[in-house]
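Here's the structure, in structure tokens; my notes come after.
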Amino acid sequence: QPSWRRCGGQYPYDETTRSVRKTHAFKSFTPYTREQEQLLAGRTNRGSTHEYSASPDDLVFKSLAKAYSTYNPVMSDPKRPPCRKNDDDSSFKEGITNGGAWYSVPGGMQDFNYLSSNCFEITLELSCDKFPPENTLKMYWDQNRNSLINYVEQVHRGVAGFVRDLQGNPISNASISVEGIDHDLTTAKDGDYWRLLTPGNYKVSASAPGYLTVIKKVAVPNGAAT
């Protein structure tokens, strides 16, 4: 069951980075995420109940999670029984849940990626068995193959483009802001950017020190990046 994780909220940025800095995963993936301009990620995990906590991009995370669960016959089944008889799966609607509503993970990669890079990450709960037998792996692959493909395709949902100066030179580390969403992204070394958004009308601005801010009105359709 995909879940969109708690971002910010009770875990301030500095506390998050301190707790994950010590882990091997942090040391391994942080340079990759920053240098490879990663946009979308997924991971697997387990846990217990907590409270709903929305990030500024709550609608985007819901959309990403549904993009995965909709194509998974088990996740999307409203009559799917819980993993254990007494488990409370009431927070799961359409096969998805808010990460904080299910259980919180301080110092997780989801928080770090969202707060310090351009990457959006969700958690994927693929099985009730943490270590499924080998003879069940094909079944899980068949259940998740179309979901994975549809999830990866979500990188094209939103707006994308380049930020350049009057001479056509790329401007890296420019801030890409969306009115009404308190979470900015930055341009890559070639001035390119990708901003995941749900369908709708937006005001998107690009700003950088020494340059005038440019604001554009954009319409995001149900389809590829505009």
Side-chain angles (χ1 to χ4, degrees), residues 1-9 25 29 38-106 108-114 119-158 181 194 196-200 220-225:
Q1 306 107 344
S3 59
W4 62 99
R5 184 68 50 193
R6 171 192 301 270
C7 293
F29 286 105
Q38 190 170 346
L39 177 63
L40 199 60
R43 70 189 301 271
T44 59
N45 214 344
R46 301 177 67 85
S48 59
T49 306
H50 207 273
E51 63 181 13
Y52 192 104
S53 181
S55 76
D57 281 290
D58 195 52
L59 291 178
V60 173
F61 281 110
K62 285 181 180 179
S63 177
L64 292 173
K66 286 182 181 179
Y68 195 100
S69 69
T70 300
Y71 283 81
N72 186 297
V74 178
M75 293 180 185
S76 59
D77 183 1
K79 297 181 179 180
R80 175 187 56 81
C83 286
R84 292 177 293 272
K85 184 177 180 180
N86 296 323
D87 280 356
D88 180 12
D89 281 0
S90 59
S91 66
F92 281 87
K93 306 296 181 183
E94 300 181 88
I96 71 173
T97 188
N98 173 267
W102 196 26
Y103 69 100
S104 58
V105 178
M109 286 301 297
Q110 302 94 330
D111 286 354
F112 180 83
N113 279 334
Y114 184 72
C119 183
F120 288 53
E121 179 174 326
I122 68 172
T123 294
L124 306 173
E125 302 288 343
L126 305 181
S127 168
C128 290
D129 190 345
K130 191 170 185 178
F131 302 103
E134 181 181 354
N135 62 4
T136 65
L137 296 182
K138 184 181 184 302
M139 176 190 70
Y140 287 121
W141 168 245
D142 291 339
Q143 290 176 0
N144 290 277
R145 177 179 53 201
N146 291 333
S147 293
L148 285 166
I149 294 172
N150 192 51
Y151 179 68
V152 171
E153 289 176 345
Q154 299 310 300
V155 298
H156 299 295
R157 182 65 55 83
I181 302 178
W194 306 264
L196 296 176
L197 291 168
T198 55
V220 177
N222 282 298

Would you call [X] and [Y] a side-chain contact if the rule is heavy atoms closer than 4.5 Å?
X: Asn222; Y: Arg157; value: yes
X: Val60; Y: Ile181; value: no
X: Leu148; Y: Tyr71; value: no
X: Thr198; Y: Val220; value: no
X: Leu196; Y: Leu64; value: yes

Any chance you could lay out the side chain to side chain contact (heavy atoms under 4.5 Å, CB included) test for Met75 and Leu126, step after step, and finish with the verdict? CA-CA 9 Å; Met75 293 180 185; Leu126 305 181; 3.9 Å; yes
Point-to-point distance, once rounded to the nearest 0.5 Å, from [atom1] of [X] to [atom2] of [Y]:
X: Glu125; Y: Phe92; atom1: CD; atom2: CZ; answer: 6.5 Å
X: Asp142; Y: Leu137; atom1: CG; atom2: CG; answer: 11.0 Å
X: Arg80; Y: Cys128; atom1: CZ; atom2: SG; answer: 7.0 Å
X: Ser147; Y: Lys66; atom1: OG; atom2: NZ; answer: 15.0 Å
X: Lys130; Y: Cys83; atom1: NZ; atom2: SG; answer: 13.0 Å
X: Asp57; Y: Phe120; atom1: CG; atom2: CZ; answer: 4.0 Å

Asn98 versus Gly100, closest heavy-atom pair with distance: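 Nearest heavy atoms, Asn98 then Gly100: OD1-N, 2.9 Å.
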Locate the shortest heavy-atom distance separating Tyr140 from Pro132; write the atom from each residue and the value. CE1-CB, 3.6 Å
Between the side chains of Asp58 and Tyr52, does any donor sit under 3.5 Å from an acceptor? yes
For Asn72, does its backbone N or O pair with a side-chain atom of Ser76 as donor and acceptor, under 3.5 Å?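 Pair found, side chain donor or acceptor close to backbone of Asn72.
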Please check if atom CD in Glu94 has more than 12 non-hydrogen atoms from other residues, nucleotides or ligands closer than 6.0 Å.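 Not buried by this count: 12 neighbours or fewer within 6.0 Å.
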Among Val74, Ile96, Asn150, Leu124, which residue satisfies the side-chain contact (heavy atoms from CB on, under 4.5 Å) criterion with Ser69? Ile96
